[in-house]
Amino acid sequence: ISPELLIKHPLQNSWTLWFYKNDKQKQWEENQREISTFDTVEDFWALYNHIEAASRLQSGCDYSLFKAGIKPMWEDTKNKSGGRWLINLTRQQCINDLDSYWLETLLCLVGEAFDEQSDDICGTVVQIRTKGDKLAVWTGDLRNNDGILKIGMKYKERLGLPNKVCVMGYQAHADSMVICGSMPAQNRFTV
Amino acid sequence: GKKAYDRSFLVQFQWEPPCV
């Protein structure tokens, strides 16, 4: 094999994959398990091929992919001033599109698809729930209005979500933290 | 510069893990 083929392609950032499994005997944070960190295109695929597809996870489980050093929780210093673009998948989308949307989201992140806005990206979370799966891209600074909107538009375009039918909302983590019961946090931005 | 990769570039490195 030529040495050229042995050189892996470095990513701009190191990324950590996390797995959350809801075990009521344990604290929320203990249920978040760090799986692996990678920083090349080849290692991304090696990990992706090694794990269960999102659609095959049990209800109550999450996968998260965050830049190395950022924990997949609101309280992390890199997250606490930010929020998330959230997609509540319809039943039909959960059945047909979950795995392709999740892979597309991962490719957007590791490939730095959001141009100069990529620095504001913290990570992504896919949540498997009986009521409907959720997919989110987390960003770090709520004040970065233009950047958040550009990320939202680009993300929606990459997933191929129809513009008029599907409205995607951006929620501040600070709002989500103080919400009681099942009321969703108010959208700060929509695309 | 930033190491940004478009979709088609990333996808070409997708491979199936060998059976061990």
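Below, chain A is the first sequence line, B the second, and so on; all start at residue 1. The structure displayed is predicted, hence computed values, not measured ones.
By the neighbour-count criterion of 12 heavy atoms within 6.0 Å, atom CD of A:E75 is densely surrounded, having more than that number from other residues, nucleotides or ligands. Heavy atoms from other residues, nucleotides or ligands lying under 6.0 Å from NZ of A:K156 number more than 12. In A:Q186, the CD atom is not crowded: 12 or fewer heavy atoms of neighbouring residues, nucleotides or ligands sit closer than 6.0 Å. Counting non-hydrogen atoms of neighbouring residues, nucleotides and ligands closer than 6.0 angstrom, the NZ atom of A:K67 exceeds 12 such neighbours. Shown here is A:Q27, whose CD atom has no more than 12 heavy atoms of other residues, nucleotides or ligands within 6.0 Å. Annotation for A:R56: atom CZ does not count as buried by contact number, only 12 or fewer foreign heavy atoms lying within 6.0 Å.
Under a hydrophobic-cluster definition in which Ile, Leu, Val, Met, Phe, Trp and Tyr are linked whenever side-chain heavy atoms come within less than 4.5 Å, directly or via other members, A:L161 and A:W102 are assigned to the same cluster.
Residue contact with chain B, scored on non-hydrogen atoms closer than 4.5 Å, involves the side chain of A:E104 exclusively. If you measure heavy-atom distances from A:N13 to chain B, you find no contacts under 4.5 Å at all.
A donor-acceptor contact shorter than 3.5 Å links the side chain of A:W45 to the backbone of B:L10.
Using a 4.5 Å heavy-atom cutoff, the side chains of B:Y5 and A:L107 are not in contact. Side-chain contact check for A:R158 versus B:R7: some heavy-atom pair is nearer than 4.5 Å. In this structure, the side chains of B:K2 and A:D119 come closer than 4.5 Å at one or more pairs of heavy atoms.
The residue among A:S118, A:A113, A:G111 with the most heavy atom pairs within less than 4.5 Å of chain B is A:G111.
Comment: A:D39 does not engage B:K3 in a salt bridge, judged by the lack of any side-chain N to carboxylate O separation of less than 4.0 angstrom.
The aromatic rings of A:H9 and B:F13 sit tilted relative to each other, their planes meeting at an angle between 30° and 60°.
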